[in-house]
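Beneath this line is the structure, given in structure tokens, with notes to follow.
For reference, positions follow the sequence shown, starting with 1. Hydrogens, waters and symmetry mates play no part in the numbers below; they use all other heavy atoms, side chains included.
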Amino acid sequence: MTTTMMRLRQHLASPIYTSAIARIGNRAHHHRLPIAPPQKLRTSTATQNKLLLLLIVLLVCFLFFLIPTVLLPPARTMSSSSSSASDAAAASAPFEKPRAVVKKLLAESQPEGQGATVRRSIGRHELRNLDPFLMLDEFSVSKPAGFPDHPHRGFETVTYMLEGAFTHQDFAGHKGTIRTGDVQWMTAGRGIVHSEMPAGDGVQKGLQLWINLSSKDKMIEPRYQELQSKDISRAEKDGVEVRIIAGEAFGVRSPVYTRTPTMYMDFTMRPGSELHQPVPEGWNAFVYIIDGEGVFGREKSAAVGAHHCLVLGPGNGLSVWNRSGAPLRFALVGGQPLGEPVVQHGPFVMNSRAEIQQAMEDYYYGKNGFERASQWTSSA
């Protein structure tokens, strides 16, 4: 037994502690029933009061600190995070189905017309056609070269002047000159004979696109839509300028009517700019680079330079980045496929060999739209 325990026993054995303990025992013996329950009741009630007070304090703390933290900020944070994530996704992938470049073709120079030179992309053996598009030429012509009297049937020609001027005449008496930035949209229909010749000195440059007509429209009467440069719809956004020959860009629409649904736009992008242009899903589309170089379709793709034709795969939009130090200029063209047979013989485009044979006979004998062909010669 330790010294401390011995001392404790000695203290408890002293008269003071003995008499006190005896008195407590006597009181407990005489008053056990009436005293004990109230004592226990008071102790239990106090404890309960303390626990209740503690619970109230905790509840107040919960209401004051936890509810605003749990309910309000997460709602704001989730909204902000969702918005940021959405913005980031939009910046990196603006389209659900972005269009990629599936074919790249350098337009090589070849002779055409009378002494003229063109860079042909669509219409070559590597890319015979891209429904509804039949041909795309970038022409560069100086006098006396040009495209003298020749016939057309079954499609449309769209001539867009990039530099200089061209004069057009046809056997129905139509005549006019289109200059830099002007457009002539000619529907040959059942038949037309015309000439296209340089109107000025020096080099005249432009693009000519052939667009097929559906079988129901191939034999309609010829018509023209001509737009001067000042009348072509334009828009500008974030370092990107666009001339809208057909279709819609940046909320601006061209007034040109396209019998075969078509979009045709001339974009110029400043260094460091990027473009995200919707293209109707299900349409065939391509890009022709006029000047500069750019990244098309995928952000990590290699840059492509002038005179390339880029066929775009399926999707709902095209993305372009100009990472060079010079402006990038290109045409974006898209159209709704006709899904019909294409039989072409020179300037005649029909749906069957029999129709081609008929077109040749009509032109030779001057009938079914070519009645004035044999009596007419252009002044060029």
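Side-chain contact check for Gln110 and Thr117: no donor-acceptor pair (N or O, by modelled atom type) lies under 3.5 Å. Side-chain contact annotation: Ser229 with Asp182, donor-acceptor N/O pair under 3.5 Å absent.
With hydrogens and angles ignored, the 3.5 Å screen pairs no side-chain donor or acceptor of Lys237 with any backbone N or O of Leu275. Between the side chain of Thr167 and the backbone N or O of Thr177, no donor-acceptor pair lies under 3.5 Å. Listed for the Thr262 side chain is a donor-acceptor partner under 3.5 Å among the backbone atoms of Thr260. Using modelled atom types, no side-chain atom of Arg234 and backbone atom of Arg243 make a donor-acceptor pair closer than 3.5 Å. In this structure, the side chain of Asn351 engages the main chain of Pro341 through a donor-acceptor pair within 3.5 Å. Proximity of a side-chain donor or acceptor of Asp170 to a complementary backbone N or O of His174 within less than 3.5 Å is detected. In this structure a side-chain-to-backbone donor-acceptor pair under 3.5 Å is present from Gln204 to Ala165. Distance alone, capped at 3.5 Å, places no donor-acceptor pair between the Glu156 side chain and the Val158 backbone. Not one N or O on the side chain of Glu163 forms a donor-acceptor pair closer than 3.5 Å with the backbone of Met161. Remark: the backbone N or O of Gly189 is not paired with any side-chain donor or acceptor of Thr187 at under 3.5 angstrom.
A perpendicular orientation is assigned to the rings of Trp321 and His276, their planes being inclined by more than 60° (bins at 30° and 60°).
Heavy-atom minimum distance, Val342 versus Asn212: CG2-ND2, 3.8 Å. Considering all non-hydrogen atoms of both residues, Ser301 and Val295 come closest at O-CG1, 3.5 Å. A pairwise comparison of heavy atoms in Ile122 and Cys309 identifies CG1-SG, 4.3 Å as the closest pair. Between Pro255 and Leu227, the shortest heavy-atom distance links the atoms CG-CD2, 4.4 Å. Between Ala188 and Pro222, the shortest heavy-atom distance links the atoms O-CG, 3.4 Å. Residues Ala145 and Met197 approach most closely at O-CE, 3.9 Å, considering heavy atoms.
With respect to Gln208, the side-chain hydrogen bond (donor to acceptor under 3.5 Å, both in side chains) criterion is satisfied by exactly one of Thr157, Asp137, Thr159: Thr159. The side-chain hydrogen bond (donor to acceptor under 3.5 Å, both in side chains) test with Asp362 singles out one residue from Arg153, Gln357, Arg190, and that residue is Arg153. Applying the salt bridge (charged side-chain N to carboxylate O under 4.0 Å, His left out) test between Arg120 and each of Glu112, Glu138, Glu126 identifies Glu112 as the sole match.
Taken to the nearest 0.5 Å, the CD atom of Glu340 stands 8.5 Å off from the CG atom of Asp131. The structure places CD1 of Ile245 at 11.0 Å from CE of Met263, a figure rounded to the nearest 0.5 Å. The structure places NZ of Lys104 at 14.5 Å from OG of Ser121, a figure rounded to the nearest 0.5 Å. Note: Ile244 CD1 to Phe267 CZ = 7.5 Å, rounded to the nearest 0.5 Å. Rounding to the nearest 0.5 angstrom, the gap separating the CZ atom in Arg99 from the OG atom in Ser319 is 11.5 Å. To the nearest 0.5 Å, atoms CG (Asn316) and CZ (Phe95) are separated by 6.5 Å.
In Tyr365, the OH atom is not crowded: 12 or fewer heavy atoms of neighbouring residues, nucleotides or ligands sit closer than 6.0 Å. Residue Arg353 qualifies as open at atom CZ: its count of foreign heavy atoms under 6.0 Å is 12 or below.
Note on Leu130 and Leu338: separate hydrophobic clusters, where clusters join Ile, Leu, Val, Met, Phe, Trp and Tyr whose side-chain heavy atoms are under 4.5 Å apart, directly or indirectly. Note on Val203 and Val118: separate hydrophobic clusters, where clusters join Ile, Leu, Val, Met, Phe, Trp and Tyr whose side-chain heavy atoms are under 4.5 Å apart, directly or indirectly. Under the 4.5 Å side-chain heavy-atom criterion for ILVMFWY residues, no single connected hydrophobic cluster contains both Leu213 and Phe348. By the rule that hydrophobic residues join a cluster once side-chain heavy atoms approach within less than 4.5 Å of another member, Met269 and Leu332 end up as members of one cluster. Under the 4.5 Å side-chain heavy-atom criterion for ILVMFWY residues, a single connected hydrophobic cluster contains both Val183 and Tyr288.
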**Request:** For His150 and Phe147, run ring-ring contact (aromatic ring centres under 6.0 Å, His included): C-alpha distance rounded to whole Å, both residues' side-chain angles, the deciding distance at 0.1 Å, then the answer.
**Result:** CA-CA 8 Å; His150 59 279; Phe147 308 97; 7.1 Å; no

**Request:** With side-chain contact (heavy atoms from CB on, under 4.5 Å) as the test, would you mind laying out the steps for Phe330 and Leu310 before giving the verdict?
**Result:** CA-CA 11 Å; Phe330 63 91; Leu310 309 177; over 6 Å; no

**Message:** As a quick check of understanding, evaluate side-chain contact (heavy atoms from CB on, under 4.5 Å) for Tyr160 and Ile178, giving each step before the final call.
**Reply:** CA-CA 8 Å; Tyr160 180 40; Ile178 54 173; over 6 Å; no

**Request:** Before giving the answer on side-chain contact (heavy atoms from CB on, under 4.5 Å), spell out for Phe286 and Leu312 the whole-Å C-alpha distance, their side-chain angles and the decisive distance to 0.1 Å.
**Result:** CA-CA 5 Å; Phe286 69 90; Leu312 305 178; 5.5 Å; no

**Request:** May I have the step-by-step check of side-chain contact (heavy atoms from CB on, under 4.5 Å) for Val343 and Glu355, ending in yes or no?
**Result:** CA-CA 9 Å; Val343 180; Glu355 290 174 337; over 6 Å; no

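Note: Tyr364 and Phe370 fail the aromatic proximity criterion, with ring centroids not under 6.0 Å apart. For His194 and His168, the gap between ring centers is short of 6.0 Å.
A salt bridge links Lys97 with Glu281; the closest basic N to acidic carboxylate O contact falls under 4.0 Å. Salt-bridge formation is detected for the pair Glu241/Arg270: a Lys NZ or Arg NE/NH1/NH2 atom is positioned less than 4.0 Å from an Asp or Glu carboxylate oxygen. We find that Asp266 and Arg329 are joined by a salt bridge, their nearest charged nitrogen and carboxylate oxygen being less than 4.0 Å apart.
Two residues are said to be in side-chain contact when any heavy atoms from C-beta on lie closer than 4.5 Å; Glu299 and Arg323 meet this criterion. By the 4.5 Å heavy-atom criterion applied to side chains, Ile211 and Thr258 are not counted as neighbours. Contact annotation: the side chain of Arg223 never approaches that of Met186 to less than 4.5 Å [non-hydrogen atoms, C-beta and beyond]. At least one side-chain heavy atom of Arg298 sits less than 4.5 Å from a side-chain heavy atom of Pro98. Using a 4.5 Å heavy-atom threshold, the side chains of Ile356 and Gln344 count as separate. Put simply, the side chain of Trp210 reaches to within 4.5 Å of the side chain of His152, judged on heavy atoms. Counting heavy atoms from C-beta outward, Tyr264 and Ser254 have side chains that stay 4.5 Å or more apart. Residues Leu127 and Val311 form a side-chain contact, since some pair of their non-hydrogen atoms from C-beta on lies under 4.5 Å apart.
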